[in-house]
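Okay, so here's the structure we're looking at.
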Number of protein chains: 2
Amino acid sequence: MTEGVEWALHSCLNLTWSEPGQAVSAARLAAFYQLPTAYLNKQLQALVRAGILSSTSGPRGGFRLARAAEAITVLDVVVAIEGPEEAFRCEQILRQGPGGRGDVDYRQVCLVSQTMRRADLAWRRELAGQTLADLRATVQQRYPDTPGNTRDRFTAPLT
Amino acid sequence: MTEGVEWALHSCLNLTWSEPGQAVSAARLAAFYQLPTAYLNKQLQALVRAGILSSTSGPRGGFRLARAAEAITVLDVVVAIEGPEEAFRCEQILRQGPGGRGDVDYRQVCLVSQTMRRADLAWRRELAGQTLADLRATVQQRYPDTPGNTRDRFTAPLT
DNA sequence: GCGCCTTTACTCGGATAAGTAATGTCCGAGTCTGTCAGG
DNA sequence: CCTGACAGACTCGGACATTACTTATCCGAGTAAAGGCGC
């Protein structure tokens, strides 16, 4: 799995604490963890295309959550970065095997494929059960200073 | 996920039907699905290193299951090919963040990491719940000719 | 006829290239803001 | 003093290198079997 998933999740979580209506630039988000700004920007673009973030150009521009944190699951973010296809891609090698037929969709029939798909669904179910709001709530409860500190970082000069 | 997983799973399943004590060469296993022999051989080597298969050199040599099909889970095969590390690797970017401490293992503390780990465990649990014997039994029940056909292919000349 | 040695062919195993995707970087298009001039 | 146009700077967005990894291939070491030779 690509590294951008970690960046995207933490960045989205940070955006959770931004003032409503306030956009945060990619440079500020990158400064949090000393990430390469341009590359993080690339990941954020993917989140915009997925409808998770909205972007604004120009001064005071940047990114913000496109919808409420309660309506954004961890799976949404992962899918936006990694793409919708599942990790195991069935190449239907059974078609080349003995008795293999070209008119059969072995992604549905093949037991190996089914097993892998079932595991993939379990994985997705876990990730879909956690929203950004859940993460935010737990972090706030455990580290009460985080919301304030994050907001300060969003408004402080970049150095 | 790499393509070799699919090859390895189908090859192991085929080996399930080989006569006890009979080894099957990589060339024969590759011929099943018209796979590149040398590359499949590479994957099989990984299975040998993982203790799933045992190999024999020389004429009448090849691969066979190192233990009973009941004792080989799908997860075993996947781990042998893909490696033991989980898909999401936490780079602990929180260390570079505000209040980040170098003496904390954020792979344990970070909520994002915990969420991804929980999903990974669910995925592994599914795969660990299926053994090669389970797959074999279902295939045999659904296609009763498969065991015989497979054995025939293992003994027939290679053309 | 039987046993041993040699040769032969077959197998795995690791070392070595080619192709592809992830990672990282750069510059241009668009836009908002702040300023300055004019009424 | 207010309004409007303009210049400037900041931001995203996509196009372009670089690196790592997957995929693919090749040749050598080892081994078991088969055949021939001697006893």
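Within a 6.0 Å radius of CZ in A:Arg67, more than 12 heavy atoms belonging to other residues, nucleotides or ligands are found.
B:Ala26 comes within 4.0 angstrom of sugar-phosphate atoms only, judged by non-hydrogen atoms across all strands, and of no base. Counting any heavy atom pair closer than 4.0 Å across all strands shown, A:Ala27 reaches no nucleic acid atom. A:Arg89 comes within 4.0 angstrom of sugar-phosphate atoms only, judged by non-hydrogen atoms across all strands, and of no base. Contact annotation for B:Pro59: base contact, defined as any heavy-atom pair under 4.0 Å involving a base atom. Residue contacts for A:Arg28: at a heavy-atom cut-off of 4.0 Å it reaches no nucleic acid atom on any strand shown.
Between the C1' atom of C:dA17 and the NZ atom of B:Lys42 lies a distance of 12 Å, rounded to the nearest Å.
Here B:Glu19 does not pair with B:Arg64 in a salt bridge; the nearest charged N to carboxylate O distance is not below 4.0 Å. Taking a cutoff of 4.0 Å between a charged side-chain nitrogen and a carboxylate oxygen, B:Arg117 and A:Glu126 do not qualify as a salt bridge.
In this structure, A:Gln45 does not reach the D:dC12 phosphate: none of its side-chain N or O atoms is under 4.0 Å from OP1 or OP2. Look at A:Ser55 and you'll find a side-chain N or O under 4.0 angstrom from OP1 or OP2 of D:dG13.
Minimum atom distance to the side chain of B:Phe63 is reached by C:dG13, of the listed D:dC26, D:dC12, C:dG13.
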